[in-house]
There are 2 protein chains.
Amino acid sequence: MNDAKEILKKSKLRPTIQRVAIVDYIIGKHKVHITAAKLIKYLKNKKINISLATIYNNLNELADKGILKKFYVNNDKMWFDTNLQDHYHFYDSEKDELIDINKNEISFSKSPKIPNGKIKESINIIINLKNKN
Amino acid sequence: MNDAKEILKKSKLRPTIQRVAIVDYIIGKHKVHITAAKLIKYLKNKKINISLATIYNNLNELADKGILKKFYVNNDKMWFDTNLQDHYHFYDSEKDELIDINKNEISFSKSPKIPNGKIKESINIIINLKNKN
DNA sequence: TAGATTATTAGAATCATTCTAAACTAAAAA
DNA sequence: TTTTTAGTTTAGAATGATTCTAATAATCTA
Ligand SMILES: [Mn+2]
Ligand SMILES: [Mn+2]
Ligand SMILES: [Zn+2]
Ligand SMILES: [Zn+2]
């Protein structure tokens, strides 16, 4: 039984062809930042039969199970991340790519006061990049 | 001539009823964080005749002219901000509201290294809030 | 006031994502 | 094994935010 199947089994998700392909992709790299559109393109290329609805279903499911992190960058594209640590991102709009910024690469000497009655739920930091002329 | 008309004149935008109403609204408050949906609701309430297309046209135009700043929060809603300073935000998802974090309320003692060949274009920081317990 | 220019609008189009409901498949039970 | 069940995939419709189109209307300038 391959790693992908193991992971799916642990999460009580049936190892369908589609799921195994998705998880294979995700575990094949150290770090993955992926969108539904990029992933379906990759899988179709590999001759895997899969629909966009299934891509979304599964990426969301994997996020629910804590195997991926889900977030948005700038406007309406949903990203999934295999890096489960709390971390931040550079966004390279030329390539439509994210680059991790680990938490230890940033530190705050001063943090804003949280409004009364509220607590921090999460922090999103995106540093948008452009080409050096 | 009222302030709104002045502002529009300076930007070479004709002071139509719709534009004056929009600009009146944004100069009527110290700080405004507004979305197209919130603004049209407000204006309709004031019995101003305006379409959603016009709201978008004008907010985008005002952003082009540097009178508003445009940005996105988390997923697909476009926000416009009268605070033109470089600054960050708390996002209160309960109320669907933004709260400014001025630049002097945050400072970094360590910043991540920008990838080669790239330069920083902008930084987005959003601190998502939730209710205390 | 005419003619030129700019603005507004309804509704269609677009795009990412979710939903629906039918067809299918893997796993469990018999 | 076969049957049953529960979970999965899928095409295509629906949704929601935003933009586009192209017709109509308002403003400006001479
Ligand atoms: Mn959307
Ligand atoms: Mn959108
Ligand atoms: Zn990441
Ligand atoms: Zn602001």
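So you know, we letter chains A, B, ... as the sequences are listed, proteins then strands, and number each from 1.
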Whole-Å distance separating the CH2 atom of A:Trp79 from the P atom of C:dT17: 11 Å
d(CG, B:Leu39; P, D:dA17) in whole Å: 15 Å
Within residues 87-94 of chain A, residues whose heavy atoms come under 4.0 Å of DNA chain C: none
Atom-pair distance (OH on A:Tyr56; C1' on D:dT15), nearest Å: 13 Å
Sequence neighbours excluded - salt bridge (Lys or Arg N to Asp or Glu O under 4.0 Å) pairs with any residue from residues 97-113 of chain A: A:Asp86-A:Lys103
Parallel, tilted or perpendicular: rings of A:His33 and A:Phe71 (30°, 60°): perpendicular
B:Asp81: partners by salt bridge (Lys or Arg N to Asp or Glu O under 4.0 Å), with sequence neighbours left out: none
Residues which pass side-chain hydrogen bond (donor to acceptor under 3.5 Å, both in side chains) with B:Ser122, listed by chain and number, not counting sequence neighbours: A:Asn128
Contacts of type salt bridge (Lys or Arg N to Asp or Glu O under 4.0 Å), residue A:Asp96, not counting sequence neighbours: A:Lys38, A:Lys77
Side chain B:Lys70, main chain B:Ala63, donor-acceptor under 3.5 Å: no
Protein-nucleotide distance (B:Phe71, atom CZ; D:dT18, atom P), rounded to Å: 12 Å
Rounded distance (Å) that lies between atom P of D:dG7 and atom NZ of A:Lys9: 17 Å
Distance, rounded to the nearest Å, where A:Asp64 contributes CG and C:dT18 contributes P: 11 Å
Residue met sooner reading DNA chain D from 5', once B:Pro15 and B:Lys70 are mapped to nucleotides: B:Lys70
Results of ring-ring contact (aromatic ring centres under 6.0 Å, His included) for B:Tyr25 - residues two or more places apart only: B:Tyr42
Whole-Å gap separating P (C:dA16) and CG (A:Asn60): 16 Å
A:Asp24: salt bridge (Lys or Arg N to Asp or Glu O under 4.0 Å) partners, not counting sequence neighbours: none
Side chain to side chain contact (heavy atoms under 4.5 Å, CB included) involving B:Ser51 - partner list, sequence neighbours excluded: B:Ala53, B:Thr54
Please produce a list of atom pairs where a protein N or O lies less than 3.5 Å from an N or O of nucleotides 7-12 of chain C.
from: C:dA7; atom 1: OP1; to: B:Arg14; atom 2: N; distance (Å): 3.4
from: C:dA7; atom 1: OP1; to: B:Arg19; atom 2: NH1; distance (Å): 2.7
from: C:dA7; atom 1: OP1; to: B:Arg19; atom 2: NH2; distance (Å): 3.0
from: C:dA7; atom 1: O5'; to: B:Arg19; atom 2: NH2; distance (Å): 3.3
from: C:dT8; atom 1: OP1; to: B:Thr16; atom 2: OG1; distance (Å): 2.5
from: C:dT8; atom 1: OP1; to: B:Gln18; atom 2: NE2; distance (Å): 3.4
from: C:dT8; atom 1: OP2; to: B:Asn58; atom 2: ND2; distance (Å): 3.3
from: C:dT9; atom 1: OP1; to: B:Asn49; atom 2: O; distance (Å): 3.3
from: C:dT9; atom 1: OP2; to: B:Ser51; atom 2: N; distance (Å): 2.9
from: C:dT9; atom 1: OP2; to: B:Ser51; atom 2: OG; distance (Å): 3.4
from: C:dT9; atom 1: OP2; to: B:Thr54; atom 2: OG1; distance (Å): 2.7

Length of the CD1-C1' vector between A:Ile40 and D:dT9, whole Å: 12 Å
